[in-house]
Amino acid sequence: MGVTELGKLIPDSIRKTVDFAQLSNKIIALDAYNALYQFLASIRQPDGTLLMDSRGRVTSHLSGLLYRTINLLENRIWPIYVFDGKPPEEKTLEIVRRRRVREEAMDKWAKLLEEGKKEEARKYAQRALFLTDDMVNDAKKLLSLMGLPVVQAAADGEAQAALIAKENKAWAAGSQDYDSLLFGAPRLVRNLTITGRRKLPNKDEYIEVKPEILELNDVLKALKLRDRTQLIDLAILLGTDLNPDGIPGIGPQKALKLIQEFGSLEKLIQGPLKNVQFSMDPLKIRDYFLNPPYNPNYTIEFRQPNEKGIIELLVYEHDFNEDRVKNALERLRKAMSRRRESTLDSFFG
DNA sequence: CTACCATA
DNA sequence: TATGGTAGG
């Protein structure tokens with residue numbers, strides 16, 4: 001999702017790879033849906049089946065959330081999870097399109113499973129991602145019980161996270177997507193995982209993956225763009241959630257050249273793109289990225305975890321193994337008790 | 001994705 | 001102690 005094409009234009013030279021230690025004492029506003037979808041894509045059995053409790057309710061996302069978050073906290077990285085609100089009306093088309101893609105993937109998955117083609121089935125299972133209200137509510141509940149701030153976005157979680165970072169309430173926005181840069185996050189952290197090793201899709205090869213920091217200013221400079229508006233205009237040519245297809249026949253290099261030469265969408269619409277049909281008024285899309293819905297009513301508070309509540313939720317309600325959870329709680333308690341000493345320097349660096 | 005255990 | 005394979009729910 002998001003503006004994946006934009007990534008192809010961002011050179012490695014401005015991607016600062018770091019260790020977890022270098023993110024120590026930083027607050028990061030994480031796109032919760034982005035994380036949850038990642039967990040749903042990867043925490044599966046070899047045939048693609050998700051982890052579920054005895055009542056058939058999905059738990060993969062809770063497992064991922066629990067362990068990854070504890071790893072962050074043990075490295076004194078302080079996450080704020082930002083959840084999507086109501087999607088803007090303009091996104092309806094894209095939501096419908098994604099539902100269709102998911103349903104097709106589901107069918108394909110079931111078919112391949114019947115044929116006994118496990119590995120191939122898994123690929124389609126990973127595209128058949130869906131988050132139900134129950135799953136989202138469980139995730140929010142778990143995070144709250146862990147003592148972590150949960151922020152409800154007005155609409156786009158990425159937008160809310162970007163603005164939290166822009167206001168210096170967080171040091172960076174965290175997501176795999178690049179949208180938060182369009183929404184004005186001064187800094188984006190990607191690959192916020194612990195493992196370091198990641199399997200290459202469709203191959204039995206592994207590559208090293210480290211957290212990666214991108215500065216908005218570096219991106220603008222590297223692409224020779226004047227300001228964020230030009231970056232947004234570029235993204236619109238490539239395709240965003242509001243115009244998923246971008247402009248047929250215009251790839252990353254050509255789009256960049258057009259923005260550099262003509263300076264703005266307005267000029268392009270009057271000039272070389274005169275006859276292009278946009279699925280939605282591109283200037284409206286731009287305005288959405290410049291002025292997204294935002295919820296100013298949120299608090300950022302880190303508290304000691306409610307251990308009984310977590311056991312109630314994970315062990316009694318969702319059939320997690322009690323020893324494993326208690327082990328995790330031990331780590332969580334220690335990590336959270338170190339919060340006070342690093343409160344004051346969190347906004348700087 | 002990550003924890004955990006088997007193996008060297 | 002480090003790595004690889006696999007279960008987790």
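Every chain is numbered from 1 and lettered A, B, ... according to where its sequence line falls, protein lines coming before strand lines.
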Contacts of Arg122(A) meeting side chain to side chain donor-acceptor pair (under 3.5 Å) (sequence neighbours excluded), chain-then-number -> none

Sorted by chain and number, sequence neighbours left out, side chain to side chain donor-acceptor pair (under 3.5 Å) with Ser42(A) holds for none

How would you label the contact of Thr59(A) with the nucleic acid (heavy atoms, under 4.0 Å): base, sugar-phosphate, or nothing? sugar-phosphate

So, with a heavy-atom separation below 4.0 Å from DNA chain B, the residues of residues 318-334 of chain A are Arg324(A), Asn327(A), Arg331(A)

Sequence neighbours excluded, the answer for side chain to side chain donor-acceptor pair (under 3.5 Å) partners of Asp53(A) is Arg57(A), His318(A)

Here the salt bridge (charged side-chain N to carboxylate O under 4.0 Å, His left out) pairs for residues 268-285 of chain A, sequence neighbours left out, are none

Phe39(A) CZ to dA7(C) C1', in whole Å, measures 17 Å

To the nearest angstrom, the CG-P distance between Leu62(A) and dA3(B) comes to 15 Å

Asn34(A) CG to dC1(B) P, in whole Å, measures 12 Å

Q. Do the non-hydrogen side-chain atoms of Lys91(A) and Asp156(A) ever get within less than 4.5 Å of each other?
A. yes

Which part of the nucleic acid, if any, lies within reach of Leu50(A) when heavy atoms closer than 4.0 Å are counted: base, sugar-phosphate only, or nothing? base

So ring pair (Phe, Tyr, Trp, His ring centres under 6.0 Å) across residues 293-312 of chain A, not counting sequence neighbours, yields Trp78(A)-Phe302(A)

Sorted by chain and number, sequence neighbours left out, ring-ring contact (aromatic ring centres under 6.0 Å, His included) with Phe39(A) holds for none

- Message: Would you say Asn71(A) places a side-chain N or O within less than 4.0 Å of OP1 or OP2 belonging to dC1(B)?
- Response: no

Could you write out each protein N or O paired with an N or O of nucleotides 5-7 of chain B at a distance under 3.5 Å?
none

By side chain to side chain donor-acceptor pair (under 3.5 Å), Asn137(A) pairs with (sequence neighbours left out) none

